[in-house]
2 protein chains.
Amino acid sequence: MRLTRAGEYGIRCVLHLARHGKGTLVSRKEIAVRTDVPPHFLAKIAQQLARAGIIEILQGATGGYRLLTDPSKITLLAVIEAIIGEISLNDCVGRPESCHNSALCTVHRVWNKANQQLRATLQEANFATLAAEDACCLTPFPEADGHNQPSGKK
Amino acid sequence: MRLTRAGEYGIRCVLHLARHGKGTLVSRKEIAVRTDVPPHFLAKIAQQLARAGIIEILQGATGGYRLLTDPSKITLLAVIEAIIGEISLNDCVGRPESCHNSALCTVHRVWNKANQQLRATLQEANFATLAAEDACCLTPFPEADGHNQPSGKK
DNA sequence: ATATATAAGATATATTTAGTCTTATATCGA
DNA sequence: TCGATATAAGACTAAATATATCTTATATAT
């Protein structure tokens, strides 16, 4: 009952992009290095983020990824579910037909509540806020590399 | 990010026992049949429940399992965590040392909140309440055979 | 045209989950 | 005491999933 590595990587990727702001192109290689994600794995994750409309992928010699939306509009939930699908803590939440009477079942109700709460909490978190402070899953300062200055920090 | 089958089975097992009340001995075989859990798998799960102090296992020809505590005192959280260990939705929740500055990290904070909420919700649910109504994961009516008589039936 | 970057899917590896099997031990009742 | 029956415990197998890499194709700037 925990987030997969792919989900975690997706968050890191968007977090890194969010620090550069909407529309800024960042190469896959840079993201991979800064977020400590295997490049080819990142490619797969990026494709899922692109399909979900969160990022745009540009091919070619000067290609890379960039956010399609303002970071404040991107929720943690959206990114996670773009990678791992809709969250459902228990089978009977995602597939009510797997129970004979899920409408009545008290266990089912608890799972539904928990699932709803979890999704709500993840939905409240947006990437403008998340990117504003230090993030434990990124290398300390993205601007050490030169071509960007998120907020004049360091 | 979902409950394992073992966790689900553990809930079914305790739910079935809860319907018989604290202290009533029920054979593994009966539980396995009624909750649709493979008997040997149930044995492993029961051992974990016993280690957690939730049930007692009796060996021998008239052996079986029984609740050590009143169902109202047993929470969904306790049963689940007896089986799958303490819930942690993300690595950095369970192992803060895996981040460089988890105290500051905003992502970390969201996960912490979500994790806490989830555990709280599961803790609010007790098995007296859960067993009171129909449960979608058990066969309809366990009392169909009247008062339980483990040693009497074949 | 070439160099470089990503696309997409196939493949390989590792880990976790799920379930089974075997041998040992406990208890009851003849 | 012995045999029947139940669970104990852990080894073992199988399946599913997660993780990562590899290969070939395609896109773009120069």
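Chain A is the first sequence line, chain B the second, and so forth, proteins listed ahead of strands; every chain is numbered from 1.
With D/dT19, D/dA8, C/dG19 as the choices, the nucleotide that has an atom nearest any side-chain atom of B/Ile57 turns out to be D/dA8. Listed nucleotides: C/dA18, D/dT26, D/dT19. Nearest to the side chain of A/Ala6: D/dT19. For A/Ala61, the listed nucleotide lying nearest its side chain is C/dA3; candidates were D/dA4, C/dA3, C/dA18. When distances are taken from the side chain of A/Phe41 to each of C/dA8, D/dA20, C/dT6, the shortest belongs to D/dA20. In the set C/dA18, C/dA7, C/dT25, the nucleotide with an atom closest to the side chain of B/Gln59 is C/dT25. Distance from the side chain of B/Thr62 is smallest for C/dC28 among the nucleotides D/dT26, C/dC28, C/dG19.
Put simply, B/Arg28 has no side-chain N or O that comes within less than 4.0 Å of OP1 or OP2 on D/dA6. The side chain of A/Tyr9 contributes an N or O atom lying less than 4.0 Å from OP1 or OP2 of D/dA20.
When atom types are taken as modelled, the side chain of A/Gln48 and the backbone of A/Ile83 share a donor-acceptor pair closer than 3.5 angstrom. Proximity of a side-chain donor or acceptor of A/Asn115 to a complementary backbone N or O of A/Leu89 within less than 3.5 Å is detected.
Contacts of B/Arg5 with the nucleic acid, taken as non-hydrogen atoms under 4.0 Å apart, involve only primed sugar atoms and P, OP1 or OP2.
Distance CD1 (B/Ile31) to P (D/dT7): 8 Å, rounded to an integer number of Å. With rounding to whole Å, B/Arg2 atom CZ is found 12 Å from D/dT17 atom C1'. One can place CG of A/Leu58 at 10 Å from C1' of D/dT28, the figure rounded to the nearest angstrom.
Position along DNA chain C of the nearest nucleotide to B/Pro38 versus A/Gly60 favours A/Gly60 as the more 5'-ward residue. Each of A/Met1 and A/Ala43 lies near DNA chain C, and the nucleotide nearest A/Ala43 is the one positioned closer to the 5' end. Along DNA chain D, the nucleotide closest to B/Ala46 and the one closest to A/His40 are compared, and the more 5′ of them pairs with B/Ala46.
When side chains are defined from C-beta on, B/His20 does not count as touching B/Arg66, because their heavy atoms never get closer than 4.5 Å. Counting heavy atoms from C-beta on, the side chains of A/Leu67 and A/Val14 come closer than 4.5 Å. At a threshold of 4.5 Å between non-hydrogen side-chain atoms, the residues A/Asp36 and A/Arg12 count as touching.
You'll find a donor-acceptor pair under 3.5 Å spanning the side chain of B/Lys44 and the base of C/dG19, going by distance alone.
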